[in-house]
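Bear in mind that the values here come from a model prediction, so they are computed numbers and not experimental data. Below, chains carry the letters A, B, ... as their sequence lines are ordered, and counting in each starts from 1.
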Amino acid sequence: MYQPYLVLQARALTSQTAESDAIRFLVGTQSLKFDNQIHIIDFDDENNIISKSVLQHQAGEIWHISASPADKAVLTTCYNKSEAPALSLSQLGASVFPAQVVSSESRVVTCGAVWRMPPEWESGSHESPDDPHNSHNPQNLELLCHLDNSSHGNASCVLWEPMGDGKHVISLADNHALLWDLTESSTQATISSSATLEGKGQLKFTAGKWSPHHNCTQLATANDTAIRGWDLRTMSQIYCIENAHGQLVRDLDFNPNKQYYLASCGDDCKVKFWDVRNINEPVKTLEEHSHWVWSVRFNHSHDQLVLTGSSDSRVILSNMVSISSEPFGHLVDDDDLSDGEDNHQDEKTQEPLQDSIISTYEEHEDSVYAVEWSSADPWLFASLSYDGRLVINRVPRALKYHILL
Amino acid sequence: MYGNFSVCFSARKRRVHGMLKLYYGLNEEGKTVDQAESMNPCDINGTHFDPEVYLNKFRRECSLGELMDQESCMVKQIRSLDSDMQTLVYENYNKFISATDTIRKMKNDFKKMEDEMDCLSTNMAAITEFSAHISGTLQDQHAQITKLSGVHNLLRKLQFLFELPARLNKCLELQAYSQAVSSHRRARCVLQQYSHMPSFRGIQDDCHAIMDKLAQELRQKFRDGGSSAKDLSECVELLLQLDEPAEELCDKFLIHAQSRLETNLRGLEAETDILEFIDRGCNEFVSSLCLVIASYQELFVNRPQEGNLASKNIPQMAIGKLHAFVDAMATCYFSLVERRIQEEKSVGDNSLLVRALDRFHRRLQAVAKLLPGSAVPSQGTEIVVRAARERIKQYLAALQSFYLDSLRDVRQALAAPRLGGNAPASLPELLSSLSASILNQIKSVLASVHLFTAKDITFSNKPYFKGEFCSQGVRESLVVNFIKFVCQSSRQFCESAGDRGGSTPPALLLLLSRLCLDYETSTITYILTLTDEQFLVQHRSPVTAVAALCGEAREAAQKLLKHYVKVQGLIISQMLRKSVETRDWVNTIEPRNVRAVMKRVVEDTTSIDVQVSLLYEEGTRKAHSSDSSKRTFSVYSGSRQQTRYAPSYTPSAAMDTNFLSNIHKLFSERIDIFSPVEFNKVSVVTGIIKISLKTFLECVRLRTFGRYGLQQIQVDCNYLQMYLWRFVSDENLVHFLLDEIVGSTAHRCLDPAPMEQSVIEVICERG
């Protein structure tokens, strides 16, 4: 529907979690050659206008981005430090053997950090995305603290405590899950506890999700083909779904309304829904994509709506009615129903509960690595493909009314 | 009178007569002729003929000549009429004369007869008088004689009664039971009537005692049972005449028979061979049963009804008992038979079972003839039907296990080359032997099952075997189910092993897919036609259509082939993924040769190509240059690549590159990585290459490269380009994906300095 192009490749997308009024997405770019940026995409629903603001993220290319649930201005990124060749080139200048310099010194490290957006970005740079001045003089992000602990390896993602006060984050680094406590101003982070995945070979977390249920004491992680659940109080493993997918698991998401339900996706082109109380069999399997599925997201309010993005360049919106927390497609509590609405409900119950693909979005030309629902408007979502195209779409109106009424 | 005489006239006369009749105003029925005709005064033959009018009319209408003609004609007619009349009058007169003579003669004869009758009546009166006289005189004597003869009779009866006990005793001694019984029957009423007189009472008591003894003896004889059927029947008859309750007799008879039949059944249980079992069952049990039924009917049912001794409902009661008895015995027998048939599990030789069932069924027909209303034969038929159904199930199971065994053999054969050193059986050979052995097995099963419907088998003309057995049983349950099983088990290979893909060898998937495809194109039609022909299936009940089965087979074939592509693609993908993930691309050394994994990829692709080409046709490619890889290679490595990499040194141009690549993508076709696979080699191999290269691309995008990392990827891609283009349907696809890989690598490169194309070529050609 709306397709602003970023000039650089991008993988990282998040909605601004703490923002409940404006429809706003944050995109982190990925470039080794230029200064990386964080694009703040604002969507004006009434006028169908997209506006973009840019903040500089000079630390390196962004692999993962995550916004604080408590403070709109605070966010975390996982980025690659790639200063090594730049350093060697600047120091040695016209080196006779640049190859040796690169091979001996350059090292790519991924680390995590907490940032604060400058307060004036909103007023100062709220102009057309095509305005060249704007992109030439972007403001910088303010570094709050590093979540860096080089002994623990490369950070693959940073997770905020869902619905928390913005004091706790988890970072997944190689085979470690680290729980950090942030100070009031988020300027200092200390490791409060950690868990380590042990086993044969080089284990590495590829994805993770902090469960919003059970008082936020559970974490789910993916490594290779397995999905693991962790109890954060003891930092010990609760469950482990071996061979959850035939190949690598790429992403996880918790059903926001059903505490034991979990969705996962991976390189076997499948999306699977799990009840973690019974890990032998998935509750449901979708096989609609024709290549790796990189991202899966439940709608925050209506968990039958499931969004998936894949490297077949497609985004698919599915209606998983049969495993939803609101199987009859209505939000109204039974107590509130008047007699007239009762009849209405009867009609609904007669309809068979059928899972269906609502829509397949094919606007992207390249692999879609991230999809995200808006935190402000439950009927709106964004998807980001590698070529930097961000597409914002709405849930089809007919379905929206079907769910609401 | 006139009418009577005219009957015998000749035809000519009749005509004349008709004319006369007309003249007198009579028609054939003697009525006046039609009014319209008769009212005309000018009609010379009509009743209302008026000569004046007629004459006037003529005079007015006709000329003189005509009048003259008319006149002469009329004179002629009048003359002929006159002569006719004369003849008639003469003839009638003659007849009248002769009639008068006859009447006169009759008058004389009657007078004589009257005199004789008078004489007769006087004689009769005299005879009557005499007769009355005689009977009057004989009256007294006649009465006396009648009385005397009555007394004589009574005396004879009394003597018989007095002698009865002695006579009965004698009969008992001589075992002349029937005589005794008939004597006693004759006396019984009288004795009963006069039992108030002491003398008669004594006789009656004596008789009773003797008869009781006799009955006892008869009963004893009956119970012994060793006696012949004739004796037995006599015995029963006498007992019945002695007012023994028939019901009790029936029961006793049946109990006796039951014990004998049960011995037969017990003997049966020891039999092992099914044919012998049935034989023995038929010869011993069924024939005894028939004997029992026959003699029972002789005794109780068909016995001639004599006297009022046998109450009328005895036959009905007896028949009822017989039915119950036969049903009970048959149930025992049937349960035994059924248990035995169920033990018959080996599917090797069906003819034994069919023969046994035939014999079983045939012998039961005897029972049906003897006992028309019995449920036994129909129950027997049901057993046969059940056995046939069971048999079909067993055959289906046998076919299924045979199929699975064959598959296991194929699997072993596929694995064998690695274990043993001998020449591996090639895929086409395995396929043809597999499909031939399955087909043979189906044929032999059909032949076995066909025995059930052979002409000389008695139950083959039962409605079940004519209709349902053929259509629902053989066609649906056996053949169609088997085909469905084949498809289903094939599909299971895709599902169960789907996630890991390791458990099913890919070659097997390929082979099965071809098998299913062959089934779709010809085998299913062939098998079903064969079945329909052999069993003359009448399509009364709904049967699965050939098209539906073919569709299922095609679907299975498609699924298997798709799975094959996925599995093979995954194997190559994994190699590529590991090779990209495990290397430190930033700090790699300058490329000196193609990485081994790329050679491995090409080798594997080649072997897959060979493997697929064994079973599938070549398929169509998009037309490409007949030139070797060199030309396409140069296009790929030429200007396009240069324009893509060169600007990335200068930041300002980077946007343009990106923009250009996006424009390029807009116009290039979208590539479906796991797109539907067609049934040909090129499509299959293209699918596998697409999956592999896409994986390569995604993996590259996750890494960061140094200068030599990029160069190594360039070399690798160039190498792949040199060898892979020939396998795919559209070489542009390979170009596009490899371009994309190199492009993405360049983007992910810290120090993007591409290698000279000439150097790349040298390295690649070196191997």
Would you call B:E740 and A:D366 a side-chain contact if the rule is heavy atoms closer than 4.5 Å?
-> yes
Enter the distance from A:W292:CH2 to B:C699:SG here, rounded to the nearest 0.5 Å.
-> 4.0 Å
Check whether B:S573 gets within reach of chain A through its side chain, its backbone, both or neither, counting any heavy atom under 4.5 Å.
-> neither
Interatomic distance, A:S290 atom OG to B:I691 atom CD1 [nearest 0.5 angstrom] | 9.5 Å
Nearest heavy atoms of A:D268 and B:K566, plus distance in Å | O-NZ, 4.4 Å
Distance, nearest 0.5 Å, that separates CZ of B:R703 from CG of A:N80 = 10.0 Å
Looking at side-chain heavy atoms only, is the closest gap between B:R748 and A:Q30 below 4.5 Å?
-> yes
CG (B:L697) and OG (A:S367) are apart, to the nearest 0.5 Å, by 6.0 Å
Flag the pair A:E61 and B:R701 as a salt bridge only when some basic side-chain nitrogen lies within less than 4.0 angstrom of an acidic carboxylate oxygen.
-> no
Does A:D312 offer a backbone N or O that forms a donor-acceptor pair with the side chain of B:K694 under 3.5 Å?
-> no
Check A:R250 against B:L702 and note the closest heavy-atom contact, atom names and distance.
-> NH1-CD1, 3.7 Å
Stepwise salt bridge (Lys or Arg N to Asp or Glu O under 4.0 Å) test for A:E287 and B:K562 | CA-CA 14 Å; A:E287 217 176 334; B:K562 192 175 163 193; over 6 Å; no
Establish, from distance only, whether the side-chain atoms of B:E698 and A:Y369 form a donor-acceptor pair under 3.5 Å.
-> yes
Which residues satisfy the salt bridge (charged side-chain N to carboxylate O under 4.0 Å, His left out) test with A:D275, sequence neighbours excluded?
-> A:R277
